[in-house]
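Remember, it's 1-based here, ligands and their atoms both numbered in the order they're listed.
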Amino acid sequence: MSAPPRSASLRQAQWQPHVLALNAPSAYVPWLTEGGSLTARLKAHSHNFRVQCLHQRVERCLSDEAVAIGMHRPGRVWEREVLLRCDNTPAVFGHTVVPMSATATDWPLFSTLGERSLGTTLFGDPLVERSVLEFARLREGHPLAQRARTALIANGVAAPDAHILYARRCLYRRRQGTLLVTEVFLPSVLELIKTNDNKR
Ligand SMILES: C=C(O[C@@H]1C=C(C(=O)O)C=C[C@H]1O)C(=O)O
């Protein structure tokens, strides 16, 4: 079987369960491996946390996420993309996809989230099952790296000059539904300082 064209490999990421395989700078590791809600961690590292919803609409899922959400091939999904802002500085680009087969019974709060954090609806719901975290290095050609950069520029924020962005993703299940959250960590996350332990 011939190797995929180079452009295809740039658009896809190698997702894997071992964070050390990324060879990411050590400061990223606590963020990448956060076992609880990332929202809670970001709140504990800022005085003012905000979810800026970029869009929530029907889109075609990315080629490297279809299988993860139980689709045989890339197809239409509900897609939500956000910037998670700490003291107004974007720290994480969030990308969530839900197959169109999911129903409101599966994810009752997803469609009306707005600028509430998705995490607040996932963590604490006893029906939600969380899979293992996967990690990847996103090259500049990966769609999520491109979208993160585009979102920053569109919001008047300089795009990171780093050629690699570090990301994680996690599959959530609830009743018959699946939901895949991908979090792309912007270099600014490394500048956050813990502000208050009791906000986690
Ligand atoms: C899964 C979480 O939800 C966060 C909130 C998101 C949203 O509101 O779209 C997206 C990514 C997550 O970092 C979390 O807080 O851990």
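When each of L118, V98, L179 is paired with Y172, the side chain to side chain contact (heavy atoms under 4.5 Å, CB included) condition holds for L179 and for no other.
Counting only heavy atoms of the protein, atom 9 (O) of ligand 1 lies nearest to R80 NE, 2.7 Å. Taking atom 12 (C) of ligand 1 as the reference point, the nearest protein heavy-atom neighbour is E183 OE2, 3.1 Å.
In the vicinity of V181, heavy-atom distances shorter than 4.0 Å reach the ligand 1 atoms 11 (C).
Remark: R50 engages E115 in a salt bridge, criterion side-chain N to carboxylate O under 4.0 Å. Ion pairing between R147 and E79 holds under the 4.0 Å rule for side-chain N and carboxylate O.
Counting heavy atoms closer than 4.0 Å to ligand 1, residue L84 contributes side-chain atoms (C-beta onward) but none from N, CA, C or O. At a heavy-atom distance under 4.0 Å, atoms from both the backbone and the side chain of T39 approach ligand 1.
Considering backbone and side-chain atoms alike, R168 places every N or O at 3.5 Å or more from each N or O of ligand 1. Ligand 1 has a nitrogen or oxygen under 3.5 angstrom from a nitrogen or oxygen of L118. An N or O contact shorter than 3.5 Å links S37 to ligand 1 by distance. Taking any N or O of F123, backbone or side chain, none lies under 3.5 Å from an N or O belonging to ligand 1.
Taking each of G119, S117, C170 in turn, the one with a heavy atom nearest to atom 2 (C) of ligand 1 proves to be G119.
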